[in-house]
Amino acid sequence: MAAILETHDLTMEFRGFRALDGVDLRVETGTIHAIIGPNGAGKTTLFNLLSGLLRPTRGRIQFERQDVTGLPPHEIARRGIARSFQITSVFPHLTVLDNVRLALGARTSLGYAFWLPDQVLRRFDGEGVEILTSVGLAGLADRQVSGLPYGQKRALEIALALALHPTLLLLDEPTAGLSAEDVARTLEPIRRVARERTVVLVEHNMGVVAALSQQITVLQRGRVLAEGPYEALRANPAVIEAYLGGAA
């Protein structure tokens, strides 16, 4: 399959500390690709580079065969890459649908226009409800976000990323802080949104990784340790040692 995203020798240093060290990554179009590794492996740094929050010390990032290395976040988003974060970033005193309407408006000349009359933003209602349906929140469209359980706020954040119309969606620990019940409810919405786009996710929950991913890249100390499907990696001695320190 063709690659939608590739990195070549991607390296990031912070005052002499090398957080990423020559990472070569290839993400195939239409797949769910997981990035895993122990704490400090470089996963968040990689996502920050892919989403334009950091500029690499060395190396290249190619998206849809175009060099996007060092582009600012708004330009990365305009090209078709959207990201959710470990910490929810929503407007708590607005309704669920209002949050998505504002995100849809941000793609237009309106920007995040809180002060506009309600009827102006209602032009986005149809698409907003479609997006909420895809993440299982359509029945909560009129609910104020501050009253939602944490798991539903995480789902709303995915909806806000979808409002940017991405072809590549970066999910940063989408099940972090969720109960086992909420984790189970999160899997199907992620599968649904992945039917029409490529998804790269950073995730610590190996059950989620096994259930969702076609391909996995394991990072350790800023380098690629191993790659492959879950069944191959779960028995890889180097991966076991990276996670368990050789205890297995």
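Everything numeric in this text was worked out from a predicted model, so none of it was measured. The residues of the chain are indexed from 1 along the displayed sequence.
Rounded to the nearest 0.5 Å, atoms OG1 (Thr7) and CG (Leu50) are 7.0 Å apart. Taking OG of Ser84 as the start and CG of Leu169 as the end, the distance is 6.5 Å to the nearest 0.5 Å. Taking CZ from Arg58 and OG1 from Thr69, the interatomic distance works out to 13.0 Å, rounded to the nearest 0.5 Å. Once rounded to the nearest 0.5 Å, the distance linking OG1 of Thr45 with CE of Met12 reads 7.5 Å. Here the straight-line distance linking atom CG of Leu10 with atom CD1 of Ile61 works out to 5.0 Å at 0.5 Å rounding. Rounded to the nearest 0.5 Å, atoms CG (Asp172) and CD1 (Ile35) are 11.0 Å apart.
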Stepwise, does the side chain to side chain contact (heavy atoms under 4.5 Å, CB included) test hold for Leu5 with Thr198? CA-CA 9 Å; Leu5 176 72; Thr198 305; over 6 Å; no

Check the pair Arg101, Thr95 against side chain to side chain contact (heavy atoms under 4.5 Å, CB included), reporting the backbone distance first and the verdict last. CA-CA 10 Å; Arg101 290 160 73 192; Thr95 68; 5.6 Å; no

Check the pair Phe124, Val100 against side chain to side chain contact (heavy atoms under 4.5 Å, CB included), reporting the backbone distance first and the verdict last. CA-CA 8 Å; Phe124 302 113; Val100 178; over 6 Å; no

Would you please test Asp21 and Arg221 for salt bridge (charged side-chain N to carboxylate O under 4.0 Å, His left out) and show each step? CA-CA 8 Å; Asp21 189 3; Arg221 297 176 183 174; over 6 Å; no

Steps toward side chain to side chain contact (heavy atoms under 4.5 Å, CB included) verdict (Tyr150, Asp182): CA-CA 9 Å; Tyr150 183 68; Asp182 282 335; 5.8 Å; no

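For the pair Thr167 and Phe63, the minimum side-chain heavy-atom distance is below 4.5 Å. Under the 4.5 Å side-chain criterion, counting only non-hydrogen atoms from C-beta, Ile36 is in contact with Met206. When side chains are defined from C-beta on, Phe91 does not count as touching Val145, because their heavy atoms never get closer than 4.5 Å. The closest side-chain heavy-atom distance from Arg192 to Thr133 is not below 4.5 Å. The side-chain heavy atoms of Val224 and Leu25, taken from C-beta on, include no pair separated by under 4.5 Å. Between Leu132 and Leu156 the shortest side-chain heavy-atom distance falls below 4.5 Å. Within the 4.5 Å cutoff, side-chain heavy atoms of Gln66 are placed close to those of Arg79. Looking at heavy atoms from C-beta onward, Ile158 lies out of side-chain contact with Pro189 at the 4.5 angstrom threshold.
Heavy-atom neighbours of Arg191 CZ from other residues, nucleotides or ligands within 6.0 Å: above the threshold of 12. More than 12 heavy-atom neighbours from other residues, nucleotides or ligands sit within 6.0 angstrom of CZ on Arg26.
Distance alone, capped at 3.5 Å, is enough to place a donor-acceptor pair between the Thr29 side chain and the Ala2 backbone. When atom types are taken as modelled, the side chain of Lys43 and the backbone of Leu219 share no donor-acceptor pair closer than 3.5 angstrom.
At a cut-off of 3.5 Å, with distance as the only test, a side-chain donor of Glu127 or His165 sits close to an acceptor on the other residue. Looking only at atom types and distance, the side chain of Thr217 has a donor-acceptor partner in the side chain of His33 under 3.5 Å away.
Taking the charged nitrogens against the carboxylate oxygens, Glu231 and Arg234 do have a contact shorter than 4.0 Å, which makes a salt bridge. The existence of a salt bridge linking Glu181 and Arg185 is confirmed by a sub-4.0 Å separation between a basic side-chain nitrogen and an acidic carboxylate oxygen. Taking a cutoff of 4.0 Å between a charged side-chain nitrogen and a carboxylate oxygen, Asp9 and Arg60 do not qualify as a salt bridge.
A side chain to side chain contact (heavy atoms under 4.5 Å, CB included) with Leu171 is found for one member of Val199, Val202, Ile32 and no other, namely Val199.
Applying the side-chain hydrogen bond (donor to acceptor under 3.5 Å, both in side chains) test to pairs two or more places apart or on separate chains, those with a residue in residues 202-213 are Glu173-His204, Thr175-Glu203.
Qualifying salt bridge (Lys or Arg N to Asp or Glu O under 4.0 Å) partners for Glu64, counting only residues two or more places apart in sequence or in other chains: none.
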